[in-house]
Asker: 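Sending over a structure as structure tokens; questions will come in a sec.
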Amino acid sequence: LLKKIRNKYNCICFGGSKDLDFTNPDLGQLSKKINQKIDGILFLQGKSPKIGFQDIEKENFVQMFSVDIITPFLIVRELSRLEMLSKDASLVFLSSVAVKKGSYDPSYACSKSSMEGLVRVIRRNISDVRANIITLGLVEKSPVHVGMTEDFVELHRKRMGGKLVQVEDV
């Protein structure tokens, strides 16, 4: 799917990519790599939920919000300032059902919830850009899924109606 999109549009996809460190982004380096207007950005980056309510530390929140909120905001603002977003560019953010259902990791649920606010801010401030969120449950064979214990996968399955999201459905 990403290959088809990239063949037709000038898009950037963040997620599993080493192009940009979302915990310490170098936006100057990113803007130097872009040589034409961007039709779309897929924000698929993220950090896996790992730490429970009783054990979480401030640094976990800082890292999660840096990856999910701060860096995507800085990227969009920088590309907007440089007028590198084409008219009607589409920005797509990947969220989670944790926004409504909660999560084992409070920093994960809170950062994904904040993503909804970020998308509204972008829509209000950059009129030519479309910004949307895709909200998913646990995707089978994703890095988050692979990193979970079987007990945790079963708990998640029960909370989400008995099934996992299939990659093809995304």
Side-chain angles (χ1 to χ4, degrees), residues 1-51 56-103 105-139 142-144 165 169-170:
L1 177 62
L2 287 176
K3 285 180 184 176
K4 286 181 183 180
I5 292 171
R6 285 184 176 144
N7 286 338
K8 188 171 181 179
Y9 303 101
N10 185 27
C11 294
I12 299 173
C13 178
F14 296 108
S17 169
K18 303 297 180 207
D19 290 338
L20 188 67
D21 177 1
F22 269 63
T23 58
N24 187 21
D26 181 350
L27 296 179
Q29 177 190 13
L30 176 66
S31 61
K32 286 177 187 173
K33 289 182 178 181
I34 299 170
N35 56 12
Q36 59 182 321
K37 291 204 179 222
I38 302 297
D39 297 319
I41 304 175
L42 302 172
F43 287 99
L44 307 178
Q45 82 295 339
K47 288 183 66 64
S48 300
K50 293 187 190 268
I51 300 172
I56 197 154
E57 301 285 337
K58 176 184 172 184
E59 184 57 30
N60 301 105
F61 276 93
V62 170
Q63 288 180 5
M64 194 70 76
F65 273 78
S66 180
V67 168
D68 281 342
I69 304 302
I70 298 168
T71 299
F73 167 78
L74 294 173
I75 290 169
V76 171
R77 185 183 68 184
E78 182 70 8
L79 293 176
S80 176
R81 282 181 179 167
L82 296 173
E83 299 181 359
M84 293 304 297
L85 296 171
S86 65
K87 185 174 168 72
D88 294 327
S90 182
L91 310 179
V92 179
F93 295 81
L94 183 62
S95 187
S96 168
V97 295
V99 170
K100 303 285 187 234
K101 302 265 186 183
S103 173
D105 182 334
S107 67
Y108 182 80
C110 291
S111 70
K112 294 299 184 183
S113 294
S114 294
M115 191 178 287
E116 291 184 6
L118 173 61
V119 166
R120 288 184 186 98
V121 166
I122 291 168
R123 287 178 187 157
R124 176 173 282 252
N125 287 281
I126 310 174
S127 60
D128 291 349
V129 170
R130 292 172 290 141
N132 292 290
I133 294 177
I134 297 173
T135 302
L136 299 173
L138 182 59
V139 178
S142 68
V144 173
V165 176
D169 296 334
V170 178

Asker: How long is the straight-line distance from CG of L74 back to CZ of R81, given to the nearest 0.5 Å?
Answerer: 8.5 Å
Asker: Looking at every non-hydrogen atom in both residues, tell me the closest pair between V119 and A131 and how far apart they are.
Answerer: CG1-O, 3.5 Å
Asker: Where is the tightest heavy-atom contact between K37 and E83, given as atom of each residue plus distance?
Answerer: NZ-O, 3.0 Å
Asker: Quick one: does any side-chain atom of S86 pair with a main-chain N or O of I38 as donor and acceptor, under 3.5 Å?
Answerer: yes
Asker: Looking at every non-hydrogen atom in both residues, tell me the closest pair between M84 and Q36 and how far apart they are.
Answerer: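 Looking at all heavy atoms of both residues, the shortest contact is CE-O, 3.1 Å.
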Asker: If you round to the nearest 0.5 Å, how far is CG of D88 from CG of D128?
Answerer: 6.5 Å
Asker: So how far is it from I75 CD1 to S80 OG, rounded to the nearest 0.5 Å?
Answerer: 13.5 Å
Asker: Check this for me: E59, atom CD, are more than 12 non-hydrogen atoms of other residues, nucleotides or ligands nearer than 6.0 Å?
Answerer: yes
Asker: Return yes if some donor-acceptor pair links the side-chain N/O of S114 with the main-chain N/O of C110 below 3.5 Å, else return no.
Answerer: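 Here the side-chain-to-backbone pair exists.
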Asker: Working to the nearest 0.5 Å, report the span between CG of L82 and CZ of R77.
Answerer: 11.0 Å
Asker: With a 4.5 Å cut-off on side-chain heavy atoms, are D68 and L118 touching?
Answerer: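 Sidechains of D68 and L118: no contact.
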Asker: Which pair of non-hydrogen atoms, one from R123 and one from N132, has the smallest distance, and what is that distance?
Answerer: NH2-OD1, 3.4 Å
Asker: With heavy-atom distances below 4.5 Å as the criterion, would you say the side chains of V129 and V76 are in contact?
Answerer: no
Asker: Looking only at heavy atoms, what is the nearest atom pair of T135 and S95, with distance?
Answerer: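 In this case the closest contact between T135 and S95 is OG1-CB, 4.0 Å.
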Asker: Is there a donor-acceptor contact under 3.5 Å from the side chain of T71 to the main chain of V67?
Answerer: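 No; judged by distance alone, with no hydrogens or angles, the pair does not exist.
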Asker: So, for S111 and I69, which heavy atoms are closest and what is the spacing to 0.1 Å?
Answerer: O-CD1, 3.3 Å
Asker: Give, for atom CD1 of I126 and atom CG of L91, the distance between the pair rounded to the nearest 0.5 Å.
Answerer: 7.0 Å
Asker: For the OG atom of S127 and the NZ atom of K87, what is their distance to the nearest 0.5 Å?
Answerer: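 These two atoms lie 7.5 Å from each other.
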